Participant: 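Starting off with a structure, shown below.
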Amino acid sequence: MKIILLSGGSGKRLWPLSNRNRAKQYLSVLQGPGGEMESMLQRLWRQLDEADLREHTRIATCRQQVELLQRQVGTKAPLVIEPEQRDTFPAVALAAAYLYSIAGVSLTETVIIMPVDAYVENDFFSCIRGLPKLARESKSDLLMVGTSPSCATDQYGYIVPEANRFHEDEGLLDRKIRAFKEKPHAAEARKLIEEGALWNLGIYAFQLDYIISLLMNRGLPIHYEELYKQYAKMPKASFEAEVTQKSSSRSVVRFDGEWKDLGTWKHLSENIAYDQLGLGSISEDCEASQLINELDIPISVIGLSNVIVAASPDGILVTSKHASSELDAKLQAMNERPKFEERRWGHAKVIDSALLASGLHSVTKRIFIAAGQNMSYQMHFKRNEVWTILSGEGLLLLNETQRMVGPGDAVMIPERSRHALRAITDIELIEVQTGKQIEENDVIRLGISWEEITSQSTIV
């Protein structure tokens, strides 16, 4: 058995805490067993370890999220890296090519695909353990997992088995699928439930040969390196659209335990153990309302019921817990540059951006680097930078010249200058970028780890 966790999506539905650089699965909003805060990814990764399933698991993620993912689950977590975000079908295809051509997995091995944003208890992993046996015994190419709906919602896909309903004593027996519907409107969802439909959990089991053969039939590469190179040619489509709905040989097994999707503010609010996180207060006349505040200013919530108030450098959201559809439509129209980033070495927050009278653009960031961590050795072609160290001490590497920096020091970094900073103690600094253009992708990374950086440089 091989498990692939899909953790490369943008996950912007929990805006303003999530953005294209910090997807919802990385938000530390859940409470762990010891009272510590953990993300959806960290919770599932911990549960897989407790269920002795982690050794069978790899995480599929896009290149832009690798640093943040490794910060949360460690650098030893086995990854399948996508060059860019292109939805779940390309991600599964690339993972299958990796298992086949890099990991040397047998074509007869059962592969299980799972999302990372589900909230489950330990009995769920007994179901996962049973999937390889069910997949072998099933006469279907594709085995899906569903659960009985608790309401008619347009947030999930629906699976209608051929049999009218699962009987109470059927347990994990699989049934052929008669129909599949992705996120129907509420009236259609109610009709599907009457027909015995299950919520689609986004969990699939199949033999590796099934996807490898599909790639070959479509004329796509089956070796990871080649598919990686051609990844931009892959369709931006979901696994459901490209595989599930087109398959004529598919079955579903019902999971009867607790399962919740934490992809919306409503569902997340039902599974967080606090009313308030961050500065601010909620008055006693509020009912079922919650505040999550990442800003340095207090927020007061007074006289509101069934609302979520969420604030970050990217914006402030005040929404009814039942307004998921309206919020989804609003987020589709938003394409602003994220103002908060969590990185391998710490985090950065945009505190100002402006078009100067000179015609130059300016972006000001407040940056935190944790002790022992370092920024990559890099250079920019379209901007100059000025760093002002607020607190902490570190080693600055600028064009192969190394020196100590501390509070009050200012560092000029002209464009095309090679630079890196390693924190000896926790460092906070202000970075001011100026240039005719300031773009996120204006960066060439010459080294990541400090050992790699210093080994390739002639340091003065």
Side-chain angles (χ1 to χ4, degrees), residues 1-11 23 25 41 44-45 48 53-70 73 75-117 128 131-132 135-136 138 140-145 202-250:
M1 170 176 60
K2 300 297 178 185
I3 300 173
I4 299 295
L5 296 184
L6 298 181
S7 188
S10 58
Q25 61 266 28
L41 171 64
L44 184 56
W45 194 240
L48 286 166
L53 290 174
R54 187 186 287 183
E55 63 179 303
H56 304 287
T57 306
R58 290 185 178 273
I59 305 174
T61 191
C62 63
R63 178 176 51 84
Q64 298 91 327
Q65 295 180 11
V66 168
E67 285 190 4
L68 177 53
L69 185 149
Q70 290 182 331
V73 298
T75 57
K76 294 183 179 180
L79 307 181
V80 178
I81 300 174
E82 310 157 53
E84 60 180 274
Q85 294 173 337
R86 296 197 70 82
D87 218 320
T88 52
F89 169 65
V92 173
L94 191 66
Y98 182 94
L99 293 176
Y100 170 70
S101 64
I102 302 296
V105 173
S106 168
L107 289 172
T108 61
E109 185 74 70
T110 299
V111 178
I112 298 171
I113 304 298
M114 290 175 51
V116 298
D117 56 357
I128 296 300
L131 290 182
R136 289 192 299 268
S138 172
S140 300
D141 293 330
L142 186 65
L143 182 63
M144 305 175 65
V145 180
I203 300 170
Y204 304 90
F206 49 80
Q207 282 194 350
L208 179 58
D209 180 59
Y210 176 61
I211 297 298
I212 296 300
S213 297
L214 184 150
L215 293 176
M216 293 175 66
N217 291 336
R218 296 191 182 189
L220 294 169
I222 60 174
H223 290 86
Y224 173 80
E225 294 93 341
E226 190 58 35
L227 188 57
Y228 187 96
K229 293 176 184 177
Q230 298 187 31
Y231 204 68
K233 300 178 182 178
M234 295 281 284
K236 275 192 172 182
S238 68
F239 188 82
E240 288 83 357
E242 288 294 312
V243 180
T244 306
Q245 297 194 37
K246 295 179 181 180
S247 172
S248 59
S249 178
R250 58 194 185 187

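Source: prediction; values computed, not measured.
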Participant: Quick one: are L48 and I128 in side-chain contact, heavy atoms under 4.5 Å?
Facilitator: no
Participant: Can you name the closest pair of heavy atoms from P90 and A237 and give their distance?
Facilitator: CD-O, 3.4 Å
Participant: Any side-chain to backbone donor/acceptor pair from R58 onto I3? Under 3.5 Å, distance only.
Facilitator: no
Participant: Taking side-chain hydrogen bond (donor to acceptor under 3.5 Å, both in side chains) as the test, write out the residues that go with S106, two or more places apart.
Facilitator: T108
Participant: Pair V111, V105 - check side chain to side chain contact (heavy atoms under 4.5 Å, CB included), show working.
Facilitator: CA-CA 10 Å; V111 178; V105 173; 5.6 Å; no
Participant: Please examine the side chains of T88 and P115, heavy atoms only from C-beta on, and report whether any two atoms are closer than 4.5 Å.
Facilitator: no
Participant: Between atom CE of M234 and atom CG of L94, what is the distance when rounded to the nearest 0.5 Å?
Facilitator: 7.5 Å
Participant: What are the two closest non-hydrogen atoms of G8 and Q25, and how far apart are they?
Facilitator: N-NE2, 4.0 Å
Participant: Which residues pass the ring pair (Phe, Tyr, Trp, His ring centres under 6.0 Å) test with Y231, sequence neighbours left out?
Facilitator: none
Participant: Can you tell me how far the CD1 atom of I81 sits from the OH atom of Y98, to the nearest 0.5 Å?
Facilitator: 8.5 Å
Participant: Give every donor-acceptor pair under 3.5 Å between a side-chain atom in residues 206-215 and any protein atom, sequence neighbours left out.
Facilitator:
{"from": "D209", "atom 1": "OD1", "to": "S213", "atom 2": "OG", "distance (Å)": "3.2"}
{"from": "S213", "atom 1": "OG", "to": "D209", "atom 2": "O", "distance (Å)": "2.8"}

Participant: Once salt bridge (Lys or Arg N to Asp or Glu O under 4.0 Å) is applied, do any residues pair with R218, and if so which ones, sequence neighbours excluded?
Facilitator: E242
Participant: Donor-acceptor check, side chain of S101 to backbone of A97, threshold 3.5 angstrom: yes or no?
Facilitator: yes
Participant: Could you pull out the closest heavy-atom pair between Q64 and E84, with the gap in Å?
Facilitator: OE1-CA, 4.2 Å
Participant: So, using salt bridge (Lys or Arg N to Asp or Glu O under 4.0 Å) as the criterion, who are the partners of R250 when residues are at least two apart?
Facilitator: none
Participant: Using the side-chain contact (heavy atoms from CB on, under 4.5 Å) definition, which of the options I59, V92, L99 pairs with I4?
Facilitator: L99
Participant: Is there a donor-acceptor contact under 3.5 Å linking the side chains of E240 and Y204?
Facilitator: yes
Participant: Are D117 and L44 side-chain neighbours, meaning at least one heavy-atom pair lies under 4.5 Å?
Facilitator: no
Participant: Look at the side chain of Q65 and the backbone N and O of G9, then say whether any donor-acceptor pair between them is shorter than 3.5 Å.
Facilitator: yes
Participant: For Q70, is there any backbone N or O sitting under 3.5 Å from a side-chain donor or acceptor partner on T75?
Facilitator: no
Participant: Between atom CG of L142 and atom OG of S249, what is the distance when rounded to the nearest 0.5 Å?
Facilitator: 8.0 Å
Participant: Which pair of non-hydrogen atoms, one from I222 and one from Y100, has the smallest distance, and what is that distance?
Facilitator: O-CD2, 3.5 Å
Participant: Could you tell me which residues satisfy salt bridge (Lys or Arg N to Asp or Glu O under 4.0 Å) with E226, sequence neighbours excluded, listed by chain and number?
Facilitator: none
Participant: For S7 and A60, indicate whether the former's side chain and the latter's backbone hold a donor-acceptor pair under 3.5 Å.
Facilitator: no
Participant: So, taking the atom named CD in Q230 and the one named NE2 in H223, what distance separates them when rounded to the nearest 0.5 Å?
Facilitator: 13.0 Å
Participant: Got L69 and L79 here, is their nearest side-chain heavy-atom distance under 4.5 Å?
Facilitator: yes
Participant: Between the side chain of S140 and the main-chain N/O of L143, is any donor-acceptor distance below 3.5 Å?
Facilitator: no
Participant: For the CD1 atom of I112 and the NZ atom of K2, what is their distance to the nearest 0.5 Å?
Facilitator: 11.5 Å
Participant: What is the minimum heavy-atom distance between T110 and A135, and which atoms define it?
Facilitator: CG2-CB, 4.3 Å
Participant: Heavy-atom distance under 4.5 Å between the side chains of T57 and M114, does that happen here?
Facilitator: no
Participant: How long is the gap from CG on L6 to CD1 on I113, to the nearest 0.5 Å?
Facilitator: 5.5 Å
Participant: Could you report the tightest heavy-atom contact between K246 and A241, atom names first, then the distance?
Facilitator: CE-O, 3.6 Å
